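Have a look at the structure below, then the notes.
The structure displayed is predicted, hence computed values, not measured ones.
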Amino acid sequence: MRLPQRSGMEGEQMVKIISDSTCDLSKELLERYEIDLLPLHILLGGEEYEDGVNISPEEIYRWADANKTTPKTSAPSLERAADLMRPYVEAGREIVCFSISTDMSASANVMRMAAEDLKTDLVHVVDSENLSTGIGLLVVEAAMMAQENQTAEEIVRRVEMLRPLVRASFVVDTLTYLHRGGRCSGLAAMAGGMLKLHPRIAVEHGKMSPGKKYRGKIDKVILDYTKDMEEELKAARPDRVFITHSGCDASIVESVRTYLNALHHFKEILETRAGGVISSHCGPGTLGVLFIDGRQNVPENGQ
């Protein structure tokens with residue numbers, strides 16, 4: 001490990017990790033790894049809210065169902081991004097920022113513009129090419145390196161090597177929200193509802209793509225979806241796996257956790273609740289199992 005190039009604030013790590021709010025990390029994880037969040041915006045008609053700050057997924061669902069439409073979401077404000085970065089920049093600390101895939105939001109561009117407004121080269125923006133805890137997996141890796149006082153250059157190099165190894169997918173309970181948001185045709189949504197179809201959606205190269213379609217009750221579907229990944233799960237990096245959902249019954253989540261525990265592979269099985277942006281587009285009852293493929297060796301320092 002190279003010696004730190006900047007001392008930063010006395011008693012603090014030299015690199016600060018920031019992510020936009022779509023990383024869907026729990027408050028406990030944010031505090032454990034000293035991660036700051038930059039909230040995206042959620043628009044319910046004429047009212048604008050900040051993701052995870054003053055709106056809950058349940059409020060979003062009630063509004064969406066009452067208005068038969070999906071809320072609009074937008075990138076963080078430039079002013080909010082600059083305000084979040086400013087104290088770290090003024091202290092001479094480097095910042096590594098993570099954004100949802102640039103194919104899904106302009107969040108990364110806002111981060112870059114904020115750095116330009118602050119007239120600093122201390123900010124490094126990483127396009128996660130992912131969403132939800134697909135981003136969170138990279139953010140946690142970066143935060144652990146920051147706590148070890150590795151440099152921003154080392155952190156960025158490593159997460160860019162890990163980025164294509166992130167395996168992010170989920171199963172939706174209803175196609176209604178994807179249809180309302182323009183990500184699913186009306187015919188497909190109608191057929192899915194009639195036939196009780198639940199598609200597996202994976203994130204690949206920064207875009208969402210549909211895969212296997214499961215049929216039946218959502219509790220069985222979600223467990224079948226998880227079991228279908230058994231070989232991949234056994235080959236995953238063992239540090240952690242995320243169960244991330246947008247409001248599933250506790251018994252469904254527990255069945256997935258029990259199955260993952262039975263693999264005797266992961267050191268941590270982390271449950272997180274999807275935030276407002278992800279919930280707005282996927283709807284209630286969505287669940288994903290997200291991890292990093294361990295079949296390729298990535299050096300600990302990213303070199």
Min side-chain heavy-atom separation [X]-[Y] under 4.5 Å:
X: Val171; Y: Pro199; value: no
X: Met104; Y: Val203; value: yes
X: Val126; Y: Val156; value: yes
X: Arg167; Y: Leu290; value: no
X: Phe242; Y: Leu25; value: yes
X: Thr286; Y: His245; value: no
X: Thr120; Y: Val89; value: yes
X: Leu270; Y: Ile243; value: no

Check: [X]/[Y] side-chain N/O donor and acceptor closer than 3.5 Å:
X: Ser101; Y: Asn130; value: no
X: Asp127; Y: Thr102; value: yes
X: Asp24; Y: Ser132; value: yes
X: Ser169; Y: Tyr225; value: yes
X: Asn67; Y: Thr69; value: no
X: Thr272; Y: Thr244; value: yes
X: His41; Y: Ser77; value: no

Residues in side-chain contact (heavy atoms from CB on, under 4.5 Å) with [X], at least two apart?
X: Ala146; result: Gln13, Val15, Ile17, Ile155
X: Arg62; result: Glu58, Glu59
X: Ser19; result: Cys23, Leu37, Phe98, Ile135, Val139
X: Glu204; result: Ala202, Ser209

Exercise. By side-chain hydrogen bond (donor to acceptor under 3.5 Å, both in side chains), which residues pair with Ser246, not counting sequence neighbours?
Worked result: none
For this session: Only counting residues at least two apart or in another chain, list the ones meeting side-chain hydrogen bond (donor to acceptor under 3.5 Å, both in side chains) with His124.
Result: Glu94
Contacts of type salt bridge (charged side-chain N to carboxylate O under 4.0 Å, His left out), residue [X], not counting sequence neighbours:
X: Glu28; value: Arg32
X: Lys234; value: Glu230
X: Lys207; value: Asp103
X: Arg240; value: Glu141, Glu268

For this session: Establish whether Ile278 and Val53 are linked, either directly or via other cluster members, by ILVMFWY side-chain heavy-atom contacts under 4.5 Å.
Result: no
Inter-residue atom distance [X].[atom1] - [Y].[atom2], 0.5 Å rounding:
X: Met111; Y: Leu84; atom1: CE; atom2: CG; value: 8.5 Å
X: Arg158; Y: Leu138; atom1: CZ; atom2: CG; value: 10.0 Å
X: Lys267; Y: Arg237; atom1: NZ; atom2: CZ; value: 9.0 Å
X: Tyr88; Y: Lys16; atom1: OH; atom2: NZ; value: 4.0 Å
X: Ile218; Y: Asp173; atom1: CD1; atom2: CG; value: 4.5 Å
X: His281; Y: Met208; atom1: NE2; atom2: CE; value: 8.0 Å

Problem set entry | salt bridge (charged side-chain N to carboxylate O under 4.0 Å, His left out) between Asp219 and Lys217, intermediate numbers included | CA-CA 6 Å; Asp219 54 347; Lys217 293 184 178 180; over 6 Å; no
Exercise. Can Arg200 and Tyr214 be said to form a side-chain contact (heavy atoms from CB on, under 4.5 Å), step by step?
Worked result: CA-CA 8 Å; Arg200 176 185 188 273; Tyr214 296 87; 4.0 Å; yes
[X] to [Y] - nearest heavy-atom pair and separation:
X: Leu287; Y: Val289; answer: CD2-CG2, 4.2 Å
X: Pro76; Y: Ser107; answer: CD-OG, 3.7 Å
X: Ser279; Y: Gly275; answer: OG-O, 2.8 Å
X: Ile18; Y: Met85; answer: CD1-CG, 4.4 Å
X: Ser21; Y: Pro39; answer: OG-CA, 3.6 Å
X: Leu233; Y: Phe266; answer: O-CZ, 3.6 Å

For this session: Could you point out which residue of Pro57, Ser56, Ser26 forms a side chain to side chain contact (heavy atoms under 4.5 Å, CB included) with Arg273?
Result: Pro57
For this session: Look at atom CD of Glu254 and say whether more than 12 heavy atoms of other residues, nucleotides or ligands are closer to it than 6.0 Å.
Result: yes
Problem set entry | Neighbour count above 12 (heavy atom, 6.0 Å) for Gln147 CD | yes
Donor-acceptor pair, [X] side chain versus [Y] backbone, under 3.5 Å?
X: His265; Y: Ala236; value: yes
X: Glu232; Y: Met229; value: no
X: His198; Y: Gly216; value: yes

Seminar exercise, completed: Note: with side-chain heavy atoms under 4.5 Å as the link, the other cluster members for Leu78 come out as Val110, Met113
Exercise. Given a cutoff of under 4.5 Å between side-chain heavy atoms of I, L, V, M, F, W and Y, with clusters grown through shared members, what are the other residues clustered with Leu40?
Worked result: Ile42, Leu44, Tyr49, Ile55, Ile60, Trp63, Val277
For this session: Run the numbers on Leu43 and Thr73 for side-chain contact (heavy atoms from CB on, under 4.5 Å), then give the verdict.
Result: CA-CA 6 Å; Leu43 291 81; Thr73 58; over 6 Å; no
Exercise. Taking 4.0 angstrom as the limit, do Asp83 and Arg80 come out as a salt bridge?
Worked result: no
Problem set entry | Arg86 vs Leu118, side-chain contact (heavy atoms from CB on, under 4.5 Å): CA-CA, chis, key distance, verdict | CA-CA 7 Å; Arg86 185 174 289 109; Leu118 293 171; 3.7 Å; yes
